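Below is one structure, written out as C-alpha cells; comments come after it.
Everything quoted here is computed from the prediction, not taken from an experiment. All values below come from the heavy atoms of this structure, side chains included, with hydrogens, waters and symmetry mates left out. Chain letters run A, B, ... following the sequence lines, proteins first and then strands; every chain starts at 1.
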There are 2 protein chains.
Amino acid sequence: MTEAKQRTRERISRRQVDKFAERRAQLADSALRTLAELGYARTSLREIAQNSEFSHGVLHYYFADKVDLLTHCVRQFEEACVTRYDEIVARANDADELAREFAGAMAGTLDADAQMHRLWYDLRNQSLFEESFRADVLEIDRRREEMITHVVVRYAELLDRPVGLSTSVAYAMFDGLFQQMLLWHLAGDERATATLTAEVPALLRRVVVQPQPADY
Amino acid sequence: MTEAKQRTRERISRRQVDKFAERRAQLADSALRTLAELGYARTSLREIAQNSEFSHGVLHYYFADKVDLLTHCVRQFEEACVTRYDEIVARANDADELAREFAGAMAGTLDADAQMHRLWYDLRNQSLFEESFRADVLEIDRRREEMITHVVVRYAELLDRPVGLSTSVAYAMFDGLFQQMLLWHLAGDERATATLTAEVPALLRRVVVQPQPADY
DNA sequence: GAATTTTCTAGACAGTTGTCAAGAAAATAC
DNA sequence: GTATTTTCTTGACAACTGTCTAGAAAATTC
C-alpha cells in the first residue's frame, strides 16, 4: 500500500518532471527562434512568448528569470549548433572524398542554417561581455573544435601524414573561414558558398601537408 | 564689404562646423568607451552620457537619433580598430623578422586592446542582424583584410615565393586565430598570448609555402 | 463528480529606454 | 553692454523591459 502509493507518486512525479522539462525545452526553442531572428540585443521575453503559443507569464512559471531561460537556451542550443560530421568521417574512403564531403556539408549548413550560425557567433560574443553563459559557450566551442579535429585527424590518417598543427589552431582557422563566409553570405554575396566549397579542401591540405623545412 | 562679411561668415561657419564635428567625435568616443565596456546590447544613451561630461540631452543635439550616433561610432571606430602593421612591414629585413614582429604586434594588441577587439567582433556581429551598420562594417573588414594582405604579401616576397591562398582566405584564417585567442584571453587563459605569438609565424609559413602536389 | 493540484493568463509594478521640448547658460555678434 | 545665436540641462512623454501576483482554466486525484 505505502509502497504502491510511493511508486505511483514517483511515476507521477517523473511524468510531471518530464512534462515540465518538455515545456521548458519547447519554450527554449521559441526563445532560440526569436534570438536567431532578432539577435541577442533585441530579444525580449514578450517577443519570445509571442513566438510561442503561450503568454509572457508562463516564462516565469518555467524559468526563474531571464538569465535562467537564456542559459537553458545556450545548453539546448548545443545540439543544433555543433554540426556533426561523424557520418562523413566514417563513410569517406579516401582523403579527397572526405575533403569534398566535408566542404559540401559546411557549405550546405552555411546556406541552410545561416540564422542559427549567426546566433551562435552572437552568443559566443555575448560571453565576452557577460559571465553567465561563458562556461556553456566555451563547452560548445570545445565540442565544435572536437568535430573539426575528427575530420582533420581522419584526413591526415587517410593521407598517412601527421597533422601539422595543434587542433585548437586548426579549429580557429576553419571557424574563421566559416565565419567570414557567413558574413559574405548574409551580406548577399553569392560567392560565399562556392568559396567555402573550394577553400575547405585547400585548407585541409594546408593543415596536414607540412611545409618543407629546407626552404626557410 | 559684402565680400568681407561673407568671408567672415564662412570662416565662422567653418569654425562652427569644426567645433560641431569635434564635439560629435568627442561624444562618439564616449560612446565607444561605453560600448567596449558593456557591449552593444547593454549600452544606452544615458549610460553613454554618464561616460562623458555632458547630460543625456546633448546626444540629441549632436545626433539625430541613436542609429545616427552608432553609425558615426562605427565610422570613427575604424582608425582604432584597424591595427596598422605598415611600419613592421617596412622595417623587416627578412621573412623571419617580419613573422616575429608581426606575431609580437598581434599578441601585444590582444593584451592591450582586448576590450576594443571584442567590441569590433560585437559590432561586426550586430551587422548580421541589422542593416544599418553593415556597409561600414564591411568596409572596416576590407581594411583589416588589406592590412593582413600587406603582411602576407611582403612575407612571401621576402621568401621569394608566391602566396598560396586568396587574400580573403588568408585574412579569414588570421582573424579566426586572433578571435579564438581573444576568447581564451578574456576567459582568463594566460596561454592565449603565447599561443598567438607562436602560431602566427607558423600560419604565415603555411600560407606561403605550398604543399607538394605529388603527394595527393 | 467534487477536491486538489498544476498550468496558464492578464494585468499591474517599478525601472529603463529613446525621444523630445522648454528654457537656462554660455558664447558670439553687433 | 545689449541682442542674438549656439550650446547644454532638466524634466517630461510614451513605449518597453523584467518581474511578480491574483486568479482563471485545465488537468489530475480520489
Side-chain angles (χ1 to χ4, degrees), chain A residues 1-2 4-28 30-31 34-35 38-73 126 130 132, chain B residues 1-2 4-28 30-31 34-35 38-73 126 130 132:
Chain A
M1 185 85 166
T2 334
K5 257 192 185 171
Q6 192 138 12
R7 249 181 287 139
T8 314
R9 225 176 263 160
E10 270 174 16
R11 220 183 309 141
I12 288 166
S13 163
R14 200 172 322 128
R15 201 177 345 165
Q16 281 174 350
V17 167
D18 283 359
K19 278 194 86 176
F20 196 80
E22 242 173 66
R23 184 115 307 166
R24 271 171 72 97
Q26 179 186 358
L27 289 170
S30 295
T34 312
L35 284 163
L38 301 178
Y40 179 89
R42 259 171 296 286
T43 295
S44 70
L45 292 181
R46 281 170 175 83
E47 196 77 37
I48 292 171
Q50 274 186 338
N51 272 19
S52 78
E53 49 180 337
F54 303 100
S55 69
H56 69 275
V58 229
L59 290 170
H60 276 275
Y61 182 73
Y62 286 99
F63 298 94
D65 55 8
K66 198 185 182 185
V67 173
D68 186 25
L69 166 59
L70 291 178
T71 305
H72 191 84
C73 280
Q126 279 309 313
E130 213 181 335
S132 32
Chain B
M1 184 84 165
T2 334
K5 257 192 183 170
Q6 193 139 13
R7 249 182 286 139
T8 314
R9 225 177 262 159
E10 270 173 18
R11 220 182 312 139
I12 287 165
S13 162
R14 200 171 326 126
R15 201 176 346 163
Q16 280 174 352
V17 168
D18 283 359
K19 278 195 84 175
F20 196 80
E22 242 174 66
R23 182 113 311 163
R24 272 171 70 98
Q26 180 186 358
L27 289 170
S30 295
T34 312
L35 283 163
L38 301 178
Y40 179 89
R42 259 170 296 285
T43 295
S44 69
L45 292 180
R46 281 170 175 83
E47 197 76 39
I48 292 171
Q50 274 186 338
N51 273 18
S52 79
E53 48 181 337
F54 304 100
S55 68
H56 69 273
V58 228
L59 290 170
H60 276 274
Y61 182 73
Y62 286 99
F63 298 95
D65 54 9
K66 197 186 181 185
V67 173
D68 186 25
L69 166 58
L70 291 178
T71 305
H72 191 85
C73 280
Q126 278 307 314
E130 214 181 335
S132 33

(request) Rounded to the nearest angstrom, tell me the gap between atom CZ in A:Phe63 and atom P in C:dT7. (result) 13 Å
(request) Could you tell me the separation between the CG atom of A:Leu70 and the C1' atom of D:dT17, rounded to a whole number of Å? (result) 13 Å
(message) Using a 3.5 Å distance criterion without hydrogens, assess whether the side chain of B:Arg24 forms a donor-acceptor pair with backbone atoms of B:Tyr62.
(response) yes
(message) Please report the distance, rounded to the nearest Å, between CG in A:Leu27 and C1' in C:dT7.
(response) 12 Å
(request) Encode nucleotides 14-21 of chain C as B, S and - characters from 5' to 3', where the letter depends on protein heavy atoms closer than 4.0 Å: B to the base, S only to sugar-phosphate, - to neither. (result) ---BBB--
(request) Take the protein atom CD of A:Glu53 and the nucleotide atom P of D:dA26, then report the distance between them rounded to whole Å. (result) 14 Å
(message) Please give me the minimum heavy-atom distance between B:His60 and B:Asp65, naming the atom from each residue.
(response) CE1-CA, 4.1 Å
(request) Taking the side chain as every heavy atom from C-beta outward, state whether B:Arg23 and B:Tyr61 have any atom pair closer than 4.5 Å. (result) no
(message) Would you compute the distance between atom CG of B:Leu69 and atom CG of B:Leu45 and round it to the nearest 0.5 angstrom?
(response) 6.5 Å
(request) Considering non-hydrogen atoms only, spot the tightest contact between A:Phe63 and A:Asp68 and give its length. (result) CA-OD2, 3.5 Å
(request) Send over the distance from A:Phe20 CZ to C:dT5 C1', rounded to a whole Å. (result) 14 Å
(request) Nearest 0.5 Å please: distance from the CD atom of B:Glu47 over to the CZ atom of B:Arg42. (result) 11.0 Å
(request) Please state how far atom CZ in A:Phe54 lies from atom P in D:dA25, giving the value in whole angstrom units. (result) 17 Å
(request) Select one nucleotide: of D:dT7, C:dC8, D:dC8, the one nearest the side-chain heavy atoms of A:Arg23. (result) C:dC8
(request) Would you kindly give the CD-to-P distance between B:Gln26 and D:dT7, to the nearest whole Å? (result) 13 Å
(request) Choose from C:dT6, C:dA10, D:dT9 the nucleotide whose nearest atom is closest to any side-chain atom of A:Tyr61. (result) C:dT6
(message) Just the rounded figure in Å: distance from C1' of C:dT7 to CD of A:Glu22.
(response) 14 Å
